[in-house]
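First the structure, in the form of structure tokens, and then the observations on it.
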Amino acid sequence: MPPHPHAAAPATPLPSPAPEPLRRGPRHLRELFWAFTVLALQGFGGVLAVVQRELVDKKKWLTPEEFVEEWAVAQILPGPNVINLSVMLGERYFGWRGALTGIAGMLLAPSAVVLALAWLYASVADVPMAQGALRGMGGVAAGLVAGSALKLVPTLRKNCMGGLFCAAWVFFTFASVALLHWPLGYVLLGLGSLATCWAYAQLSRLERRARSTGEHP
Amino acid sequence: MSLVLQGSDWLAFFTQFLMLSLLAVGGAITTAADMHRFLVGEQHWLSEAQFSTSIALAQAAPGPNVLFVALLGWHVGLNAGGHALAFAGALLALLGIMLPSTLMTYLAARWSHQNRERRGVRAFKQGLAPMVIALLLSTAWLLLAAHQGEAQHGRLWGLSAISALLVWRTRIHLLWLLGAGALLGGMGWV
């Protein structure tokens with residue numbers, strides 16, 4: 001916890017009480033835990049939007065720029081994105097205890113809810129209407145995932161590998177995983193390494209060209 | 001479905017999730033296709049219905065969508081013999097998918113943030129970007145393909161397509177979409 005900025009006694013008496021420093025984070029572990037719990041429980045269909053609204057807009061624990069940066073790192077590091085974010089934020093506020101508290105807040109209550117839902121569903125699984133409802137939700141869930149993929153497509157426009165290569169890579173990856181059912185590990189290691197090497201080469205080329213023409217890359 | 005799972009089976013189960021944890025670039029849902037391959041296709045520890053149920057329920061429920069992994073474990077445990085094993089399965093799966101990546105994030109987040117401009121890091125991000133998109137599409141494809149032989153399959157595809165469009169182009173709250181899906185499905189229109 002950072003020391004209170006007004007800890008030292010003023011040399012002359014202040015005319016009015018010193019203003020509270022702008023709060024940039026939870027004051028203790030419990031606040032972190034409850035904040036994340038309340039946040040997670042509002043996250044129907046996914047927590048990201050709620051995280052942004054709560055932590056950036058309402059609590060102002062992060063600026064919008066900080067949030068985008070943190071989220072970018074959380075996404076690129078493997079693993080559940082929201083969990084990564086919880087670890088990163090929790091760690092920043094309270095070290096490893098904060099990281100664990102963050103995860104706990106994000107997971108404990110939702111886990112209880114989800115298991116309860118599964119248990120409840122099992123008890124009505126024979127009812128055709130319940131089956132139909134879940135099938136409908138499954139269809140929507142597939143659409144949600146596809147939609148989130150589509151929202152990422154514009155980011156490929158600025159990709160150093162170029163539109164054609166990216167499209168081809170989307171196709172090859174999709175074919176390997178969805179159609180040919182190749183194990184993901186091999187696909188990522190194989191196609192992933194190739195793509196990373198190609199991207200590296202492209203970035204080098206672009207930077208060399210920028211240097212030679214005097215432009216800023 | 002009822003199974004008999006030995007200790008070695010549970011170890012293989014746990015290890016699979018440990019491995020997928022480090023491969024889950026872009027989120028846990030990107031590895032769902034491989035979980036399907038392993039749990040449904042290879043080991044037959046889970047039925048198609050249980051697989052898609054797990055994902056649909058986790059999406060509908062509040063909280064991180066990674067909880068679909070807990071439900072996969074839950075259903076495997078249930079198949080293996082009852083609620084105690086179901087709970088254990090859920091815990092094992094969730095720990096598996098989280099431990100390696102969480103540890104890596106804890107250790108590497110600062111480094112990643114400070115070194116995000118390095119060419120190798122940028123190459124990794126840009127190189128993997130199209131693959132993340134493809135993996136998400138694979139998951140969606142898989143979720144739909146699971147309903148292959150059923151009646152009104154075409155309508156389900158239509159529902160998914162519309163949902164995808166709405167997510168892509170509008171800011172409609174996902175809960176409304178899920179609710180609509182539940183309603184349409186419950187009424188037998190999909």
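Below, chain A is the first sequence line, B the second, and so on; all start at residue 1. Only this structure's heavy atoms are used, side chains among them; waters, hydrogens and symmetry mates stay out.
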Which value, rounded to the nearest 0.5 Å, describes the distance between [X] atom [atom1] and [Y] atom [atom2]?
X        : Y        : atom1 : atom2 : result
B/Met19  : A/Leu184 : CE    : CG    : 7.0 Å
A/Asn84  : B/Met98  : CG    : CE    : 9.5 Å
A/Trp169 : B/Met131 : CH2   : CE    : 8.0 Å
A/Thr155 : B/Lys125 : OG1   : NZ    : 10.5 Å
B/Thr102 : A/Leu100 : OG1   : CG    : 9.0 Å
A/Leu77  : B/Trp111 : CG    : CH2   : 9.5 Å

* Asked: Between B/Ala56, B/Ala61, B/Pro64, which has the largest tally of heavy atom pairs under 4.5 Å with chain A?
  ->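 The residue among B/Ala56, B/Ala61, B/Pro64 with the greatest pair count is B/Pro64.
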- Item | When B/Ala161, B/Ala90, B/Ala140 are compared by non-hydrogen pairs under 4.5 Å with chain A, the top option |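 With the most close heavy-atom pairs to chain A, the winner is B/Ala140.
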Looking only at heavy atoms, which two atoms of [X] and [Y] are closest? And how far apart?
X        : Y        : answer
A/Met88  : B/Ala109 : CG-CB, 3.6 Å
A/Met137 : B/Ala60  : SD-CB, 3.7 Å
A/Thr173 : B/Ala134 : CB-CB, 3.5 Å
B/His153 : A/Arg135 : N-NH2, 4.2 Å
A/Val177 : B/Ala33  : CG1-CB, 3.6 Å

Q.
Please classify the contact between A/Val187 and chain B as side chain, backbone, both or neither, with a heavy-atom cut-off of under 4.5 Å.
A.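 Answer is both: backbone and side chain atoms of A/Val187 are under 4.5 Å from chain B.
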Counting only heavy atoms closer than 4.5 Å, note whether [X] contacts chain A via side chain, backbone, both or neither.
X        : answer
B/Leu137 : both
B/Leu78  : neither
B/Ile162 : neither
B/Val121 : neither
B/Thr30  : backbone
B/Val66  : side chain
B/Phe38  : neither
B/Gln50  : neither
B/Arg110 : side chain
B/His36  : neither
B/Arg37  : side chain

Practice task
Please step through side-chain contact (heavy atoms from CB on, under 4.5 Å) for the pair B/Trp141 and A/Leu179, ending with a clear verdict.
Solution key: CA-CA 9 Å; B/Trp141 176 270; A/Leu179 304 177; 3.9 Å; yes
Side-chain heavy-atom pair [X], [Y] within 4.5 angstrom cut-off:
X       : Y        : answer
B/Leu23 : A/Pro78  : no
B/Leu71 : A/Leu117 : no
A/Glu69 : B/Arg116 : yes
B/Leu67 : A/Leu115 : no

Side chain of A/Asn81, backbone of B/Gly26: donor and acceptor closer than 3.5 Å?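 Side chain of A/Asn81 to backbone of B/Gly26: a pair is present.
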